[in-house]
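Contents: one structure, followed by commentary.
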Amino acid sequence: MIIRRFSFSNPNESEGMLTRSTDIEAKWQERWYAERINEADRDEREKFMIIFAYPGVTGYLHVGHMRGFSYVDDIARYKRMQGYNVLFPVGTHATGNGPISLAKRVASGDEDMIDYLRRNGCPEDVIPELTDPLTVVEFFNKVYVEQYWRRFGFLADWRRFACTTHPQYGKFIQWQFRKLMDAGLLIQKPYYSPACIAHGPVAIDASETDIACGGCAETTEYTLMKFRCGELTLLAATLRPETVFGQTNFWVNPEVEYVKVVCGDEIWVMSRPCFEKMLYQKDRLKEVGTMWGTELIGSTCTAPMTGREIVCLPASFCDPNVGTGLVVSVPSDAPDDWVALRMLQEDEAACLRYGLDWDMVKAIAPIAIIETKGWGPMPAVEIVERMGITRSGDPKLVEAKKIVYKEGFHAGRMNQDCGPYSGLPVDKAKEAMKQDMLRANQADLFYDLSETVICRCGEPVVIKKVDDQWFIDYANPMVTELTKRHAEGMRILPTEYQTNVQGVLDWFRERACVRQGNWLGTRFPFDEKWIIEAISDSTLYPIFYLISPYVNDGSVRPDQMGTEFFDYVLLGRGDLDHVAKRSGVARDVLERMRADVDYWYPLDVNLGGKEHMTVHFPAFLMNHVAILPPEQWPRGIFVNWYVMSKAGKISKSKGGAQPIPGAAELYGVDSMRLYYAHIASPFADVEWDEEVLENYVAKMDRIMRTVEELSMMEESEAIEPIDVWLLARMNSRMASIVKGMEQLDLRNLAGEAYFEIPNDLKWYLRRGGSNGAVVGRALDMWVRAMAPITPHTAEEMWEHLGKDGLVANARFPCADAAEMSQAAELAEDYVRKLLEDVNEIVKVTKIAPKRVLVYTAPEWKEKVLQKAVALFRDNELKVPTLTKLVMQDEDIKSHGKEASDLARKMAEDLTRRSAEEVERMAVRFDELEYLRQAEGFLARELQCEVGFFDAADPEKVDPQGKSRFAQPRRPAIYLE
RNA sequence: GCGAGGGUAGCCAAGCCAGGUCAAAGGCGACAGACUCAAGAUCUGUUCCUGCAGAGGUUCGCCGGUUCAAAUCCGGCCCUUCGCACCA
């Protein structure tokens, strides 16, 4: 249970800041939206356009989704504070069957679904309305905008909201597809797709939106090898066509009734389940009879490619539901075959029963075909031996098969008995032999699913041939090349993906872009029976946000949005008057739209989850390259990783996710935004942990209190060293933040602003800092630095500090060179280090000091250091060189051995350090003076008297001669 | 299978690309102390091992290499997570 504890000020006092995060959020959101600071229009400033990949309308989102979304608002707010005119539009992706299946489940009274809706706060009276897919879309559009994005205070331009099922979006997509057609990127060819017999194409994926079971199934391509057997053609389905040279016999299940099917001038033999599946994949198949497996046993057939005559033998392991129900035997490399063959060879009775010549059966020997490192010539024989498998049906065979297949396929080579394929790696040989057999009409292809898949409607899912499937030709070499070259110059985060995307673009192939069936989406403009598929209609859309406000406010109607309209507005093509006349859109509206596109595009950042890396992002890039001119190609991609629950990915089914509004209420929006920004690098998954959230709640609480307390500090005239330090520190923090943000490093911003700066301020106070003006300056910078990530809290504090206007509109603090001082920071580090050293000595010696004496290094030692640094800079620092050099100085030389020892030590020490560190060592400040000014502080901290001496001071108090250990930046210490 | 990422002290998590400031930021937790009637909050210190002078030793998945110097670069291995197309 979280207790909101903003207890630092009395809520009844009108002067204090608001104490409840929900009050603060409501107050400032009202201000922002009333003043419309979220709305972005063209002006003189430099522009910055950022989006997150719009979410699919799949139901309620969870706290994990807010991670990426909030990054976009953080970045947008930072950029606007940097003076950019920032455009951050939002939308939703409703294409597909998410809304349809949700509506169906509601309509069917699915208890889980109703429960889920209730749990997420869906009003009772709305539930019955969610039986219509488009109502579902509109309902969730509202939920996303109001309960998620506005609730989190996003400065998104709501006027530009877009949804893929709105008619204007459809017009845009149709235009996009006409452009793809013009560019020659739409192609048509046959396609084998998973489909429900009743509903048409379905998606097979683990989320199982389309299907009832079988989410992990894959489409498997079998090579159907043709074995001539008299007038019949026996079909053996194999995944390993390269093993033809090792075939020794054919397997037939005597218990199975096979079907004879006419295909062209051949009569094919296969199992009935196979025939039924094949009907969806091949035309002109006709059943002409049946036969039992036993009828084939003993007859011979001719193997493809080798022309070898092999005999049909009985085998119980031939499953009519797998492949064709007929199997060709390669005992050298297939454990199943070897085991079955050996069983038969030992079973004279069986041979007799089937009328086989036992001697002939016994004479069959495996034929070695593949050489695999670490294996003998017959891997199947070997592994069966090793695993002690003796009979068909042994469960260990599955494992054996896996091992042999994996090893052979990836590490093996065809041996010298494989004709023209000898010496080829197995994976290459497989493809070559398959192609050769297909060309010679010795083989065909057959597709099947690796496991049973059932549609939501209860019908089985099959692989169905679609003759006229449309594809987007992402394999197009020209577009691929241009995209790859463009991507090299983009800002892509994480940087690993910048490299990786090159490979993804190479690998990206033709992609089916339309489908039939009951789907939400846009009609394919060239053939209305098709609906454009969900990924293909979400690639160019960022530019649509530049058009959407004009439709949303009624300046343009969807029916006015034809080819010429889009050509003019998006591409600047065509004559304005002509387009205005043809489309019926007002001339000035067209002009403004065109100017908007010119101004806002290209997109600066597209942020999306890691699931987009192999599909959405490459398609997004290639569509821009294919359709828009180069100056409008995207500039940046930001990939974010997930928030996981302990059980794995947060999901509806696995639970672990609480509704977003509930979490916002519980933890406060700003605490959550800070959590997302700070918990880990954006490029790593994090685990949702409520306790961790509570820590961020406490952190925000503490920060507000700190600001309130510090804001009450009195002004003062005197500027102490610690004041100089605080300003130097604040400025170097800002420098670090700004530098990090060049790479959109929000985590660095969060670390500096919410953790390091509070620590600096704490140190300032502990150190006795008390200058209200200096603190006021620090607070001013600090609150502005917090505005991007925790905007509500920042506004509240900004107001409390008596600042005019909104901090959201203020400039982000930049480091002021005049206030920066490396010496001031180093001097303070020096004091801190001294304190640590004294504590360490106390700890080790267990002395409770009555007095602490500190000795700074004498001037001659400083000279040695400076000479060493000079040599270091010239890359000439060596022990003898330094020794020789320092000994030329009479002052140093007078210290004799002590001087040469120091020179040696210093040379050794500095050569081991980095240039940066040496430069820090070289920075001089008056150590003794600085310590004296810190006397009060040190005495207070050490709870005893402290004294400081120059080690060269003849008047010094030095009972144990410790002063001789003093070195520059490292004073000697004596505890009394 | 193909492709990508990750393994850092009790836990989370930076650092690695650009080797030296690294016994390694920060956070959490734990322990001790201050404040308080008390609790919480807050503040201070400690939190790999050893050490009666600010030090030394052993650490960043494992093995080996490069280098004056490796958490960081190179090679191999083990473990692990994720993505893979009509799912967004």
Side-chain angles (χ1 to χ4, degrees), chain A residues 3 5 7-8 53-58 93 95-98 191 193-194 201-210 215 405-406 409-410 427 469 471 474 494-497 499-500 503-504 507-515 519 533-536 538 608-616 618-619 641-642 644 648-649 678-681 683-687 689 691-692 695-696 698-699 701-702 705 747-748 750-751 754-756 759 762 765-766 833-834 836-847 911-921 941 960 962 965 970 972-975:
Chain A
I3 303 150
R5 1 177 146 81
S7 51
F8 53 92
Y54 51 17
V57 180
T58 50
H93 185 251
T95 311
N97 74 346
Y191 179 64
S193 152
V202 295
I204 294 181
D205 75 306
S207 66
E208 300 188 345
T209 45
D210 288 11
Y405 184 91
K406 189 174 156 185
F409 186 73
H410 295 283
D427 53 340
Q469 174 70 49
F471 293 81
Y474 289 119
T495 47
E496 289 82 4
Y497 184 53
T499 322
N500 184 223
V504 175
W507 160 86
F508 217 47
R509 306 195 295 269
E510 300 90 349
R511 190 192 160 87
C513 62
V514 294
R515 58 184 286 176
W519 273 58
E533 163 283 326
I535 287 163
S536 304
S538 54
K610 62 178 175 178
E611 74 276 19
H612 295 305
M613 289 197 289
T614 47
V615 184
H616 167 67
W641 266 235
Y642 299 147
M644 321 288 282
K649 199 167 167 175
H678 182 258
I679 185 67
S681 149
F683 318 123
D685 290 327
V686 297
E687 199 177 271
D689 182 339
E691 277 181 37
V692 173
N695 290 328
Y696 283 95
K699 169 59 86 173
D701 180 19
R702 225 172 302 150
R705 190 172 354 176
R747 190 172 197 270
N748 180 59
Y754 300 85
F755 293 89
E756 301 301 342
N759 282 341
K762 217 189 291 179
L765 293 176
R766 184 177 163 194
K833 176 73 175 129
L834 172 65
E836 279 171 21
D837 281 348
V838 174
N839 281 336
E840 171 109 14
I841 297 167
V842 168
K843 182 184 149 202
V844 171
T845 60
K846 302 186 176 68
I847 299 173
T911 45
R912 244 181 283 124
R913 292 174 190 272
S914 68
E916 232 179 297
E917 197 190 351
V918 170
E919 288 307 325
R920 254 196 304 277
M921 288 275 293
E941 288 290 324
Q960 285 187 7
K962 293 285 184 193
F965 299 116
R970 188 90 205 283
I973 299 165
Y974 171 64
L975 302 193

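So you know, we letter chains A, B, ... as the sequences are listed, proteins then strands, and number each from 1.
- As a whole-Å value, the separation of A:Glu840 CD from B:U44 P is 19 Å.
- Distance CE/A:Met921 to CZ/A:Arg913: 6.0 Å, rounded to 0.5 Å.
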Check: Checking side chain to side chain contact (heavy atoms under 4.5 Å, CB included) for the pair A:Glu611/A:Tyr642: CA distance, chi angles, key distance, verdict?
Finding: CA-CA 10 Å; A:Glu611 74 276 19; A:Tyr642 299 147; 2.8 Å; yes
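- Across all strands, A:Lys846 comes closer than 4.0 Å to no nucleic acid atom at all (heavy-atom distances).
- Contact check, A:Arg766 against B:U42: no side-chain N or O comes under 4.0 Å of OP1 or OP2.
- Comparing A:Gly751 and A:Tyr974, the nucleotide of RNA chain B nearest to each residue sits closer to the 5' end for A:Gly751.
- Contacts of A:Trp507 with the nucleic acid, taken as non-hydrogen atoms under 4.0 Å apart, include base atoms.
- Both distances falling under 3.5 Å, in either a Watson-Crick or a G-U wobble arrangement, place B:C77 opposite B:G61.
- When heavy atoms are screened at a 4.0 angstrom cut-off, A:Lys699 is found touching no nucleic acid atom at all.
- The residue A:Leu834 sits apart from the nucleic acid: no heavy atom pair falls under 4.0 Å.
- In terms of phosphate contacts, A:Arg702 brings a side-chain nitrogen or oxygen within less than 4.0 Å of OP1 or OP2 of B:U42.
- For the pair A:Lys610 and A:Tyr497, the cation does not sit on the ring face, since its NZ or CZ is not both under 6.0 Å from the ring centre and inside 45° of the axis.
- Remark: A:Ile679 CD1 to A:Arg747 CZ distance equals 8.0 Å, nearest 0.5 Å.
- Residue A:Trp641 is the one, among A:Trp641 and A:Glu533, whose nearest nucleotide of RNA chain B lies closer to the 5' end (criterion: closest heavy atom).
- Between A:Lys843 and B:G54, a side-chain N or O to OP1/OP2 separation shorter than 4.0 Å is absent.
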